[in-house]
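See below for the structure under consideration.
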Amino acid sequence: MNKKSFLFTDIAGIKMKNPVMVASGTFGYGEEYKELIDLDKLGAIVTKTITLKPRAGNPPPRIVETAAGMLNAVGLQNVGLDVFLKEKLPGLKKITSTPVIVSVGGESILEYVKITEALNKTGTIAGIELNISCPNIRFQKKNTKLKGGIIFSQDEKITYKLVSRVRKATKLPLIVKLSPNVTDITLIARAAEKAGADVLSLINTPLGMAVDVTTRKPALANITGGLSGPAIKPIALRMVWEVTNTVKIPVIAMGGIMNTTDALEFFMVKAAAVAVGVGNFINPQTPLEIVEGIADYLKRHRIKRLKDLSLLKGR
Amino acid sequence: MNKKSFLFTDIAGIKMKNPVMVASGTFGYGEEYKELIDLDKLGAIVTKTITLKPRAGNPPPRIVETAAGMLNAVGLQNVGLDVFLKEKLPGLKKITSTPVIVSVGGESILEYVKITEALNKTGTIAGIELNISCPNIRFQKKNTKLKGGIIFSQDEKITYKLVSRVRKATKLPLIVKLSPNVTDITLIARAAEKAGADVLSLINTPLGMAVDVTTRKPALANITGGLSGPAIKPIALRMVWEVTNTVKIPVIAMGGIMNTTDALEFFMVKAAAVAVGVGNFINPQTPLEIVEGIADYLKRHRIKRLKDLSLLKGR
Amino acid sequence: MYQIKAKIIANRRITSRYYNLVIDAPQIAKFAKPGQFVNVCVSKGNEPFLRKPFSIYRIGPQNVRKKSKIELLYKVVGKGTDILTGNKTGDYINIIGPLGNGFVLPPKTNQKQQSEIILIGGGIGVVPLLFLAECLKNNRSLGVSVLVGIKSKEESFLIRDFNKLDCRVKVATEDGSNGFKGLVTKLLKEELGFGRSSSVCMSYTCGPSLMLEKVSKIAEKNKVPCQVCLEEYMACGIGACLGCAVKVKNGHFPGFKYVRVCKEGPVFDSRQVIWGE
Amino acid sequence: MYQIKAKIIANRRITSRYYNLVIDAPQIAKFAKPGQFVNVCVSKGNEPFLRKPFSIYRIGPQNVRKKSKIELLYKVVGKGTDILTGNKTGDYINIIGPLGNGFVLPPKTNQKQQSEIILIGGGIGVVPLLFLAECLKNNRSLGVSVLVGIKSKEESFLIRDFNKLDCRVKVATEDGSNGFKGLVTKLLKEELGFGRSSSVCMSYTCGPSLMLEKVSKIAEKNKVPCQVCLEEYMACGIGACLGCAVKVKNGHFPGFKYVRVCKEGPVFDSRQVIWGE
Ligand SMILES: Cc1cc2nc3c(=O)[nH]c(=O)nc-3n(C[C@H](O)[C@H](O)[C@H](O)COP(=O)(O)OP(=O)(O)OC[C@H]3O[C@@H](n4cnc5c(N)ncnc54)[C@H](O)[C@@H]3O)c2cc1C
Ligand SMILES: Cc1cc2nc3c(=O)[nH]c(=O)nc-3n(C[C@H](O)[C@H](O)[C@H](O)COP(=O)(O)OP(=O)(O)OC[C@H]3O[C@@H](n4cnc5c(N)ncnc54)[C@H](O)[C@@H]3O)c2cc1C
Ligand SMILES: Cc1cc2nc3c(=O)[nH]c(=O)nc-3n(C[C@H](O)[C@H](O)[C@H](O)COP(=O)(O)O)c2cc1C
Ligand SMILES: Cc1cc2nc3c(=O)[nH]c(=O)nc-3n(C[C@H](O)[C@H](O)[C@H](O)COP(=O)(O)O)c2cc1C
Ligand code: FES
Ligand code: FES
């Protein structure tokens with residue numbers, strides 16, 4: 001590898017030339033960015049979440065700006081497993097050698113298992129990310145009054161069950177992506193770890209809402225949506241810190257990472273890698289600038305490995 | 001009342017000349033602002049949370065800026081019940097006729113009850129707000145691994161028990177302030193309602209964290225702190241919307257309200273009143289400007305009452 | 001598609017609410033087609049958070065082979081466009097473009113009776129139509145009629161450049177202070193009435209979505225093909241976020257699918273669009 | 001305490017990192033005491049989010065009874081101070097002040113041997129000391145010595161105004177490019193050594209907290225009272241948020257309590273402060 005090989009990162013067998021990934025849903029199927037950045041320089045690409053069948057997604061408006069962030073209610077629009085396997089995945093593999101991690105969504109445990117089995121056969125993907133934290137796919141549970149049910153990873157037991165089943169179905173590195181919309185994220189993180197997850201990734205979007213006071217309507221047709229951007233960074237950092245202090249498996253951190261400083265904050269709370277989300281929309285160069293920035297920081301501070309970057313003790 | 005009396009708001013017997021309050025912990029004991037704004041023009045003043053004994057609070061640094069917001073870990077520093085009753089409350093009552101709501105905190109249910117009983121006797125306060133959502137007072141619960149335990153209002157059953165006990169101890173209007181750090185805020189809201197709360201107030205601060213990458217230390221001595229400001233407004237709006245669609249009792253809304261538009265958004269999701277928090281720090285005129293702004297908006301749109309301001313149906 | 005830090009040549013105030021921004025962006029100028037847009041980073045921080053999309057108004061310099069400048073025309077409506085007004089000659093601005101699919105030019109034809117083109121613009125919606133009109137005028141010898149709907153005569157500058165191109169221009173103002181008093185759709189109805197529509201081979205429209213819907217219906221009724229240029233809230237502008245969806249016919253889903261305004265659009269065949277959903 | 005939209009008289013660049021801001025604020029100028037500060041709203045939006053506190057450097061115009069201007073001297077260290085540099089003469093800025101308790105002036109005395117005062121400033125920490133020096137010089141006939149520690153001679157402008165006041169000024173630079181090479185605390189040690197401290201009735205200091213701690217220790221050892229001007233991250237600046245706490249002795253809690261730098265401070269008796277916690 002090149003002169004920056006001290007950034008080389010192996011997470012549960014996913015070998016990345018650097019620890020800077022792009023987050024699911026913010027990078028399409030990869031090819032959308034090919035004219036703007038050198039995909040080969042990314043640590044890994046996580047695809048838009050795919051489901052068994054194609055999903056139409058939510059009606060517009062689907063996005064709206066908020067203070068230092070945005071809300072989205074895309075509704076997991078995606079081409080579905082078949083088209084993904086036939087067109088999108090081969091297309092992406094053709095244009096880059098960067099590890100591809102496929103984000104998987106579903107409405108039932110069985111659906112997750114089916115997609116996983118199909119992905120096993122591709123032979124070209126580096127890992128699977130289970131999106132069990134999408135605010136747009138809800139699971140009906142008896143004792144909740146939440147409109148539309150709960151998100152899988154809002155429940156410890158469902159998380160355990162879902163991850164266990166998928167674990168049995170694959171030998172691929174298994175990443176589990178968690179929702180921040182929970183009372184205690186360490187409980188969910190432990191459940192996923194116990195069930196056999198190789199890696200955790202967090203955070204998905206906190207649920208939010210905005211109102212357009214001129215029309216007196218919710219700004220999003222779906223009423224609520226997921227919040228992302230710098231606004232959520234403090235919440236993400238706190239949760240990553242809580243989780244890395246709780247589990248032994250590596251954590252991929254995301255939530256408002258827009259530049260090197262943001263990324264460093266997450267490494268200092270012991271993230272194994274970081275992912276850029278909406279940062280890609282604002283400046284497609286963000287992940288590559290962060291790679292450079294981290295390399296620089298480590299050199300300037302004579303730090304040999306990312307691991308040695310954690311918080312210093314005392315005040 | 002004056003020409004703006006159409007803003008008059010009665011919440012569970014708390015009679016306010018307008019529905020714009022100031023949030024606990026952001027307005028000291030009221031007198032701090034007396035040279036800057038006319039306290040008499042506020043809807044209500046909620047005092048800094050008091051506890052039975054004085055509390056020293058957390059070591060500095062206690063605050064830090066974040067994107068469109070700030071983190072605080074004041075640690076509920078307060079003068080304690082005795083000094084509050086002897087000095088702070090009479091002092092505040094002397095300088096304003098605006099209703100005073102006393103925010104009450106504690107480390108045990110008994111402590112809440114004791115403070116409540118003492119407040120019953122004052123005869124000068126308009127209501128009690130139970131702060132069962134302070135990230136700085138934690139309750140040890142068996143099945144949680146959260147550092148330092150959980151916040152009272154993170155648990156449905158504890159919320160119910162605590163509010164029931166305090167309810168029995170007072171006839172004063174009882175406001176219960178909820179934490180956003182929960183999986184399902186409607187469950188907690190219902191528990192408080194069932195237990196006899198007259199009013200709910202939300203949101204208290206989501207837990208967050210920031211790292212200073214130059215010192216490689218957490219920005220706050222306490223490591224984590226509560227996030228406030230415009231960054232959290234989408235989360236607050238979503239939760240207020242969820243709760244007003246669930247309970248019958250009125251809701252006082254807060255979280256990132258900096259101007260009239262922000263306040264209107266909350267009224268449109270059926271808040272009965274709003275409270276300005278960190279907005280007071282940025283511009284002490286904020287609550288009064290919002291009062292003017294709402295009056296204006298209602299007039300311009302020929303809306304007679306705040307109640308008629310809710311979201312319009314359809315898209 | 002390029003992301004460039006481009007130099008600002010000029011940022012002229014036209015009226016208190018309209019500005020003309022000229023940017024040195026040779027790569028974008030070279031490939032841009034009418035109907036395409038650029039996604040502009042307006043702030044240095046998080047306020048506003050997203051890039052803001054703007055149609056290309058014109059490519060310059062005129063009549064020169066080596067085109068190197070793009071021109072935008074923008075209306076100040078909020079924080080982002082307000083910040084944009086602060087840019088000065090010599091400043092740099094980060095833009096991505098050209099984005100989206102532009103208008104499909106009418107098929108080349110020798111039949112005189114089919115060579116009328118109508119452009120219908122509402123307010124700031126004239127922007128992509130000017131670039132289109134230039135291409136139509138420069139590259140082909142077609143009769144181009146432009147119908148423009150504006151609030152009042154203060155916005156008349158919006159038709160100036162069409163006049164210079166020697167288009168046939170008609171104006172409708174809401175208050176009657178310039179041209180016809182009423183909606184531009186009324187002008188369109190007249191234009192296509194009395195069998196005149198048979199000489200019109202294509203119509204192009206851009207403006208508020210209610211206007212677009214009406215224009216589409218009128219065009220369809222008169223059997224004139226119509227290309228509509230849509231707007232939707234955008235985040236990435238390059239097809240990655242799926243934020244800018246609009247509903248169109250004949251999809252995988254029973255009777256519909258969502259497509260991306262930034263990628264499959266912003267120009268659509270009017271008959272494909274499912275309005276108001 | 002006033003919140004005012006004040007007009008900017010001047011915002012002069014001194015070096016690339018230091019600016020001098022003169023504001024028309026008669027109400028504040030009238031009541032301000034040395035050591036007090038103002039809390040400045042630097043941004044129009046949320047970036048940066050909080051107001052930023054700055055000590056008062058001087059009240060003007062000089063030697064005129066009707067004082068109406070306040071002067072700040074600030075160092076560009078981040079987003080807020082960077083935005084501040086963009087302010088121009090005639091712009092308005094929202095400030096709250098005067099805030100906090102200023103320095104306590106030394107007791108009036110006729111004893112010649114007690115009339116020495118020492119000010120010890122580190123870098124931008126000289127700001128409140130200049131205002132203090134002016135008051136000491138204008139209102140009393142005391143011997144004022146000023147010891148200033150700066151990085152290098154580029155920061156020498158920080159001592160200029162003390163020289164004009166006819167103070168006895170000594171400089172320490174880290175690189176030796178002006179005055180003594182070393183730390184200002186070394187100068188202080190010399191100043192108070194050899195029994196000279198008995199003629200010093202008061203010392204005042206402001207600067208980085210490690211320096212303040214050292215200065216306090218030296219002063220205490222030599223039995224010279226010392227008033228330290230502290231800094232802490234602030235939100236409200238008026239005592240409401242309890243964000244700016246520092247630990248001091250003799251509180252309700254076993255051996256300590258937290259007090260507000262913005263309200264009980266920013267000036268404290270050095271013997272009260274519990275350092276480093
Ligand atoms: C393809 C396309 C081409 C456009 N061409 C032009 C043009 O040539 N000239 C012109 O003046 N305007 C054009 N617009 C509209 C322009 O993008 C908005 O006016 C601008 O984004 C407003 O930003 P703001 O921060 O000033 O306003 P805000 O106060 O943020 O919003 C005002 C309104 O602008 C729209 N808007 C805001 N942000 C976005 C966004 N990120 N994406 C899309 N719409 C948004 C929304 O309808 C919103 O209600 C175009 C929009 C699109 C989608
Ligand atoms: C009582 C007092 C008086 C001061 N007087 C002066 C002065 O006369 N001249 C001068 O140049 N500076 C003075 N400062 C420091 C000044 O407030 C900071 O330099 C300024 O707030 C930095 O803001 P920023 O956005 O540029 O930097 P940031 O990048 O936000 O922060 C840089 C550093 O500035 C400090 N800081 C940031 N925000 C605050 C805040 N809200 N409150 C307190 N400190 C903060 C922190 O230490 C932070 O690490 C004073 C501070 C205090 C508390
Ligand atoms: C438009 C949009 C679409 C998203 N779609 C997905 C998705 O399909 N699957 C998923 O796991 N996360 C999705 N996310 C969440 C992001 O991957 C990421 O977890 C979140 O945005 C927080 O990071 P950020 O603040 O850096 O964007 C989406 C986010 C955005 C903004
Ligand atoms: C410095 C600070 C101190 C606070 N102290 C309290 C408190 O003592 N009791 C309480 O119930 N809420 C406290 N809060 C929370 C606020 O009342 C409010 O719920 C929260 O800040 C969200 O509103 P905002 O975003 O408008 O500030 C505090 C907030 C801040 C910023
Ligand atoms: S704006 Fe992102 S897909 Fe169109
Ligand atoms: S800054 Fe708020 S109490 Fe001092």
Side-chain angles (χ1 to χ4, degrees), chain A residues 22-23 25-37 47-49 53-80 82-83 212 219-221 225 228-231 233 256 258-259 277-285, chain C residues 1-5 27 31 39-53 77-80 94-99 209 230-248 251-263 265 274-277:
Chain A
V22 287
T26 65
F27 212 72
Y29 297 108
E31 39 130 21
E32 288 84 353
Y33 280 93
K34 71 168 188 279
E35 295 178 42
L36 295 175
I37 70 166
T47 65
K48 172 76 189 164
T49 299
K53 301 265 162 276
R55 280 175 65 100
N58 288 330
R62 290 178 172 183
I63 53 181
V64 66
E65 273 175 325
T66 60
M70 63 174 273
L71 288 165
N72 90 81
V74 167
L76 229 50
Q77 172 177 346
N78 79 96
V79 295
D82 288 350
V83 178
D212 183 335
L220 301 175
S228 47
K233 195 184 69 171
M258 308 298 282
N259 54 44
V278 288
N280 295 306
F281 306 158
I282 312 308
N283 175 12
Q285 313 307 319
Chain C
M1 189 195 301
Y2 301 91
Q3 177 180 4
I4 52 174
K5 239 181 92 188
Q27 302 99 314
F31 295 105
N39 212 3
V40 179
C41 188
V42 290
S43 82
K44 298 227 155 36
N46 298 321
E47 279 180 294
F49 185 62
L50 296 174
R51 284 177 180 261
K52 301 287 174 174
V77 298
K79 212 183 275 177
N94 193 305
I95 60 178
I96 300 177
L99 298 172
S209 74
L230 300 182
E231 286 191 5
E232 198 41 71
Y233 221 106
M234 292 185 177
C236 70
I238 62 166
C241 74
L242 308 180
C244 60
V246 287
K247 211 173 192 175
V248 297
H252 321 299
F253 304 97
F256 79 99
K257 67 177 171 188
Y258 287 114
V259 291
R260 299 164 295 185
V261 169
C262 73
K263 199 77 184 176
I274 302 179
W275 297 99
E277 282 185 46

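So that the names make sense, note that chain A is the first sequence line, chain B the second, and so on, each numbered from 1.
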| task | Using salt bridge (Lys or Arg N to Asp or Glu O under 4.0 Å) as the criterion, list what pairs up with C:Glu47, not counting sequence neighbours. | result | C:Lys79

| At their closest point, which heavy atom of C:Phe49 faces which heavy atom of A:Thr66, and how far apart are they? | CB-O, 4.3 Å

| request: Measure across C:Cys241 and A:Phe281 and return the closest heavy-atom pair with its distance rounded to 0.1 Å. | output: CB-CZ, 3.3 Å

| task | Please flag which part of A:Val64 lies under 4.5 Å from any non-hydrogen atom of chain C: side chain, backbone, both or neither. | result | both

| said: As an exercise, state the distance from CG of A:Asn280 to SG of C:Cys236, rounded to the nearest 0.5 Å. | reply: 9.5 Å

| query | Can you name the closest pair of heavy atoms from C:Arg51 and A:Asn283 and give their distance? | reply | NH2-CA, 4.3 Å

| request: Could you have a look at A:Gly69, A:Gly57, A:Gly25 and say which one has the most heavy-atom pairs with chain C under 4.5 angstrom? | output: A:Gly69

| field | Side chain / backbone / both / neither for A:Leu36 at chain C, heavy atoms under 4.5 Å | value | side chain

| Side-chain touch C:Ile238/A:Tyr33, heavy atoms, less than 4.5 angstrom | yes

| field | Top contributor to chain C interface from A:Lys48, A:Met258, A:Met70, A:Glu32 [non-hydrogen pairs under 4.5 Å] | value | A:Glu32

| request: Quick one: which residue pairs count as a salt bridge (Lys or Arg N to Asp or Glu O under 4.0 Å) with a foot in residues 55-75 of chain A, not counting sequence neighbours? | output: A:Arg55-A:Glu107, A:Glu65-C:Lys52

| Minimum heavy-atom separation for A:Pro230 to C:Asn46, with atom names? | CG-OD1, 3.7 Å

